[in-house]
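The sequence lines fix the lettering, A, B, ..., with proteins before strands; numbering per chain opens at 1.
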Amino acid sequence: MTLSMWKPRQKFEWAFENFNKVVMPRIFARNEFPDLNRKELMNRSKLNSFPKKACTILTALAMGVSLWSCETNTNGKEVDSPETIETDGLIMAELTAPPHVPEPVGDRPAKKVLVHMEIIEEEGEMVGGVSYVYWTFGGTVPGSFIRTRVGDEVEFHLMNHPDNKLPHNIDLHAVNGPGGGAASSFVAPGYETAFTFKTLNPGLYVYHCATAPVGMHIANGMYGLILVEPPGGLPPVDREYYVMQGDFYTKGDFGEPGLQPFDMQKAVSEDADYVVFNGKVGALTGENALTARVGETVRLFVGNGGPNLVSSFHLIGEIFDRVYVDGGTTVNENVQTTLIPAGGAAMVEFKVNAPGEYHLVDHSVFRAFNKGALGVLNVSGEDQEGVFAGKIVEGIYLPEGGRIQEMPVDTARLIASRPSEVLSKDEMMEMGRNVYMQTCFACHQSDGQGIKSVFPPLAQSDYLNADVERAIDAVLHGLTGEIVVNGETYNSVMTAQTLTDREAANVLTYVYNSWGNNGTVVTEEMVKARR
Amino acid sequence: MMNDEDTEATYLIAHARKVFLLPMAMILCLMISSVAIGQPKEMVRITGGSYVPLYGNSDSNLVKVRDFYMDTHPVTHTEFIEFLYDHPKWRKSKVIALYADDNYLAQFETDLTLKKRENPNAPVTNVSWFAAKAYCASLGKRLPSVDEWEYAAMADDKIIDARKSESYNRRILSWYETPTTYRNAVGDGRGNYWGLHDMHGLVWEWTSDYNSVLISGESRGDVEGRTELFCGGAAVGATDLMNYAAFMRYAFRGSLKSNYTIRNLGFRCAVDADHVMTNTTP
């Protein structure tokens with residue numbers, strides 16, 4: 001381990017100048033993995049290292065039987081144990097913010113890879129109107145994506161920004177060594193630390209901060225993914241994205257506005273207020289949605305930072321053609337929902353067959369619709385009648401069944417919300433939009449277009465514009481049974497929404513003043529009269 | 001903008017005192033503590049007692065603290081500049097690298113003036129442990145120990161040990177989540193039970209033995225064997241699981257070395273009670 005001052009301009013020079021003098025001898029001087037004997041490593045490498053593409057196909061054709069044939073590479077030479085792979089040259093690691101990932105390693109040889117990761121404590125938005133102080137690797141939650149291949153020698157520089165209040169460190173699950181680097185990387189604010197490791201096992205790994213109190217550092221967003229590709233790289237796909245789930249614990253409940261501090265008691269009780277993809281509600285919806293075209297193959301690198309909850313990761317409307325179970329070597333096929341443990345990851349691959357909106361969810365489904373664990377994949381392209389005819393939709397999961405569910409109303413909160421100040425229409429629109437994105441968006445969609453034959457549209461809706469009281473009633477008390485909207489018959493269920501008078505007025509005003517509707521302003525009095 | 005005037009004033013004060021200080025320092029006896037009391041800066045007496053610190057796990061870990069005096073607020077820029085006038089070897093252009101790293105007094109424009117946006121009444125930060133120790137020694141004082149600091153800091157405005165109080169913990173934690181508090185003036189916070197200000201809320205503070213309760217870099221490993229070490233991860237040894245505000249203080253101290261200078265780290269001084277003549281209680 002080396003320690004030095006945090007000096008952005010100097011760090012590169014230092015690393016280059018000292019690599020041969022300081023870092024290299026250290027790598028070779030230490031026996032870093034005394035508990036793995038060489039034979040074990042050889043066996044591991046045979047099983048774990050991904051062979052060239054041709055070999056993969058062979059394996060797929062005759063799983064198990066032909067495994068031995070992968071012990072040789074294309075040159076017919078025995079594959080070295082990863083520990084003995086020699087590196088060829090030095091590169092700076094490309095680090096990317098989610099949902100993007102760096103370029104694949106392809107067939108590049110193993111190299112010395114320099115990683116410079118900066119720790120930043122900063123305030124960010126959890127959901128419209130709610131902010132939170134995140135602790136981040138690289139300024140994002142999850143932290144920057146790191147991409148390596150087996151045999152790389154990673155020189156990891158961790159810089160703790162001078163304005164930060166706390167010391168931090170990093171534990172990379174891709175490391176074979178005590179603490180995954182945690183002890184070597186403990187660094188005070190304003191300092192930089194560096195350590196090295198060699199990537200031995202291919203797979204997708206979580207990294208996270210492991211400074212006391214560990215749970216709090218993780219709960220504040222200090223996690224991310226590091227990929228170790230096999231020699232020759234993973235099979236090429238058309239699109240790759242980076243998605244990571246995390247649970248958050250705040251003093252105020254979901255949606256309560258203002259800066260929300262971390263709540264240790266809720267964290268200990270594992271009572272999450274937010275369960276989200278990529279650090280906030282809506283990180284993968286609206287204009288942030290993932291995109292693909294019909295016929296393309298998509299690979300998602302999916303991680304779960306926790307700190308507590310296990311994810312039942314599911315993509316509504318798609319089936320995972322291949323899942324690298326737990327981010328390791330085993331490939332499972334035709335999977336609907338894959339379990340991603342806290343501190344674990346998986347790679348999922350699927351070909352998108354039909355255009356439309358697909359929803360990424362944690363299928364522990366209240367997390368998706370009530371706590372934020374919802375993302376969108378927009379697939380564009382021609383309709384594929386043969387694949388999907390459009391009448392039968394595997395739409396939004398509807399857990400409530402065929403009757404209206406009453407939900408408890410917090411009277412204190414209602415009273416507190418009674419008008420104390422008059423909002424301008426602009427303010428109503430803004431607050432209404434926040435409510436919409438938290439509450440209505442999942443069914444009625446981002447532009448009020450609904451989902452054909454399942455959830456009626458709000459955009460240019462004759463049903464909506466005809467009767468404002470009926471619309472208020474629907475929000476307050478729910479709506480069930482057959483209705484006709486813009487000539488189309490819908491027979492489904494909307495639950496009563498637990499909104500305050502103000503929230504209901506704002507969201508209705510937002511809806512009436514968006515997407516070509518008639519511009520009605522709904523006041524809190526109008527809502528109160530119908531409650 | 002006030003700096004020039006301020007430093008001018010402190011310069012005069014410093015020199016006036018120098019005439020007084022130098023012979024005193026040469027005499028070096030119990031009387032020296034009266035110099036501390038003679039300072040314009042207030043100290044308060046902390047009545048000793050015993051408590052179980054965070055890293056303890058039962059009454060067997062009871063820590064005894066003797067009576068001592070402590071500065072009512074962290075040492076400010078103005079006060080530190082005064083010290084720099086008298087002790088040139090601690091100016092940033094002169095300081096020995098062994099005693100302070102490159103960021104030492106980084107918020108200073110020159111050896112004796114602050115950069116424009118800095119607050120002269122804010123705590124001095126970016127000071128090493130060596131510099132903090134030297135400052136206190138120059139006034140006949142010393143840095144408080146971890147045990148003393150924690151003992152004095154566990155009070156809220158009403159009781160000596162408020163560690164179980166939710167509002168006490170929440171106030172500390174909200175500081176962790178507020179940026180750039182190091183630029184706020186001292187003395188704005190409510191005084192605690194002892195009359196101490198800003199124990200929480202502005203900056204971390206050096207202690208004489210900051211590294212004696214060690215959280216190693218791999219905090220989860222601290223559970224095993226070395227039970228005297230505080231475990232940050234599983235925290236099985238901690239007396240009060242909910243006092244996680246303190247977890248972070250111990251973790252922070254564990255990341256320090258004596259030549260480190262950090263933007264969020266200042267200090268205040270203490271002195272043994274029996275070094276202070278009772279009839280001159282401040």
Chain B contact via A:N164 - side chain, backbone, both or neither, heavy atoms under 4.5 Å: backbone
Looking only at A:K165, A:E123, A:E121, the option with the highest number of non-hydrogen pairs under 4.5 Å against chain B is A:K165
Region of A:F262 that comes under 4.5 Å of a non-hydrogen atom in chain B: both
Between B:W204 and the options B:W175, B:Y250, B:Y182, the ring-ring contact (aromatic ring centres under 6.0 Å, His included) test singles out B:W175
Fit a plane to each ring of A:F254 and A:Y274, take the angle between them on a 0 to 90° scale, and name the class: parallel (under 30°), tilted (30 to 60°) or perpendicular (over 60°). tilted
Who pairs with A:K280 by salt bridge (charged side-chain N to carboxylate O under 4.0 Å, His left out), at least two apart in sequence or on another chain? A:E125
List in chain and number order the residues that pass side-chain hydrogen bond (donor to acceptor under 3.5 Å, both in side chains) with B:Q107, two or more places apart in sequence or in another chain; answer none if no residue qualifies. B:H77, B:N126
